[in-house]
Amino acid sequence: MARPILEVKGLTTTLAGGTITILEDVSFGLQPGEVLGVVGESGSGKSMLALSVMGLLPKAVRRTAGRIVLDGEDLAALSPDRWRERRGSDLAMIFQEPMTALNPVMRVGDQVAEVLRRQGIPAKKARQETINLFRKVEIPSPEQRVRGYPHELSGGMRQRVMIAIALAANPKVLIADEPTTALDVTVQAQILDLLRKLQKERGLSLVFITHDLGVIAEIADRVLVLYAGRVAEIAPVRKIFDNPQHPYTRALLASIPEIDRPRGRLVTIEGAVPSIGAMPKGCRYASRCPFRRDICEQESPRLGLVSSDQAAACVQPFGFEKPQEEALA
Ligand SMILES: Nc1ncnc2c1ncn2[C@@H]1O[C@H](COP(=O)(O)OP(=O)(O)OP(=O)(O)O)[C@@H](O)[C@H]1O
């Protein structure tokens with residue numbers, strides 16, 4: 001296997017006081033050209049994970065441990081200035097609500113051209129390249145659209161502009177945080193198709209965050225399941241759907257709405273994610289887990305390999321007849 005383009009190791013973030021942990025010991029690798037889907041319920045820490053990698057954590061949240069290695073360099077060891085530079089060139093992110101990331105008083109074309117100019121591309125060439133990028137992200141009449149302002153565009157078109165900005169940087173890694181969630185269903189499908197096409201064409205290394213396993217099935221090569229700030233399971237997408245090992249992954253799969261399910265029979269996972277200030281001592285999923293044993297409430301399970309490419313943080317993953325010693329911390 002090639003060296004991962006991005007490797008996150010033991011990432012832990014806390015609220016400023018340091019007593020409340022948001023992400024705990026999160027580790028994963030992203031191979032060049034791979035799409036890693038990150039899935040979990042609201043509040044599981046998906047956005048904090050993305051912002052940690054970008055070096056854009058809100059003031060109240062601090063990274064207290066962990067390495068974020070991009071193409072061999074630990075970003076966490078860099079000065080904030082140097083990290084910002086890497087963010088401008090090697091890392092790009094698209095957000096759920098593009099309006100928050102776009103400058104409302106700047107023409108959208110200029111916002112793309114600015115990224116190109118930063119790479120030393122002369123103004124005229126940057127303008128032409130911006131039109132090419134608009135065409136690439138399938139914005140109709142690109143010559144006219146470049147002169148528009150964000151508020152003149154629909155949500156879907158704004159997200160296309162954000163994708164153009166991300167592509168303009170030619171990043172080594174692109175992070176997409178729920179890029180389709182705020183859009184109408186038909187537009188969601190179009191944006192997802194576009195991202196998938198661009199990913200394939202350009203061999204983008206992509207971290208794709210969503211709470212929607214249907215979206216994961218369409219785009220991801222591997223999947224990281226996050227629960228209450230910890231990795232519950234990580235595996236190739238096929239294994240997540242065909243042979244999930246963590247009870248939480250199974251519950252998420254069971255909660256996918258099915259077209260033929262009678263209306264109102266949407267399955268949800270009983271109970272709620274524990275709040276960040278009141279994490280249980282043992283497994284964080286134990287209170288909701290139909291398979292829990294006494295030990296689950298006492299011990300916090302470590303992420304352990306269940307096969308060569310699948311790991312789960314459960315004392316007794318599915319298919320195992322007895323608790324796994326090494327899964328216990
Ligand atoms: N600025 C902040 N200050 C303090 N705590 C925060 C802040 N932003 C998020 N949190 C907390 O961090 C935890 C993880 O939040 P995060 O936004 O990463 O979850 P998420 O999985 O992305 O959820 P969603 O799908 O709703 O976006 C939550 O408990 C949240 O309340």
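Counting convention: from 1, in listed order, for ligands and their atoms alike. No experiment lies behind these values; they were computed from the predicted model shown.
At least one donor-acceptor pair closer than 3.5 Å links the side chain of Arg196 to the backbone N or O of Glu218. In this structure a side-chain-to-backbone donor-acceptor pair under 3.5 Å is present from Ser79 to Arg82. A distance-only check finds no donor-acceptor pair linking the side chain of Gln31 to the backbone of Ile5 [under 3.5 Å]. Side chain of Gln119 to backbone of Ala168: a donor-acceptor contact under 3.5 angstrom is found. Arg67 contributes no side-chain N or O that, together with a main-chain N or O of Asp74, makes up a donor-acceptor pair within less than 3.5 Å.
Looking at atom 25 (O) of ligand 1, its nearest protein heavy atom turns out to be Lys46 NZ, 2.9 Å. From the protein, the heavy atom lying nearest to atom 11 (C) of ligand 1 is Ile22 CD1, 4.0 Å. Protein heavy atom closest to atom 31 (O) of ligand 1, with residue, atom name and distance, is Ile276 CD1, 4.5 Å. In this structure, atom 23 (O) of ligand 1 lies nearest to the protein heavy atom Gly43 N, 2.9 Å. Atom 27 (O) of ligand 1 has Ser47 OG, 3.8 Å as its closest protein atom, hydrogens excluded (heavy atom only).
For atom 2 (C) of ligand 1, the nearest non-hydrogen atom from the set Ala228, Ala50, Pro58 belongs to Pro58. For atom 18 (O) of ligand 1, the nearest non-hydrogen atom from the set His211, Glu178, Met48 comes from Met48.
If you look at Ser42 next to ligand 1, the close heavy atoms, those under 4.0 Å, come from the backbone and the side chain alike.
A single hydrophobic cluster is seen to contain both Leu56 and Leu11, as judged by linkage of ILVMFWY side chains at heavy-atom distances under 4.5 Å, directly or through other members. Note on Leu102: it does not cluster hydrophobically with Phe95, by side-chain heavy-atom contacts below 4.5 Å among ILVMFWY residues.
Counting only N and O atoms by type, the side chains of Ser47 and Asp177 include a donor and acceptor under 3.5 Å apart.
In this structure, atom 13 (C) of ligand 1 has a protein heavy-atom contact shorter than 4.0 Å.
For a threshold of 3.5 Å applied to N or O pairs, the pair formed by Ala60 and ligand 1 contains no separation below that value.
Ligand 1 is never approached by Gln96 to a heavy-atom distance shorter than 4.0 Å. Between Gly40 and ligand 1 there is no heavy-atom distance shorter than 4.0 Å.
Of all the atoms in ligand 1, the ones that sit under 4.0 Å from a non-hydrogen atom of Gly45 are 14 (C), 16 (P), 18 (O), 19 (O), 20 (P), 21 (O). Within the listing of ligand 1, atoms 21 (O) sit less than 4.0 angstrom from a heavy atom of Glu41. Every atom of ligand 1 with a heavy atom of Leu15 under 4.0 Å away is listed here by number and element: 4 (C), 5 (N).
The CD atom of Glu34 lies 6.0 Å from the CG atom of Leu36; values are rounded to the nearest 0.5 Å.
His246 and Tyr248 have perpendicular rings, their planes meeting at more than 60° on a 0 to 90° scale where under 30° would count as parallel.
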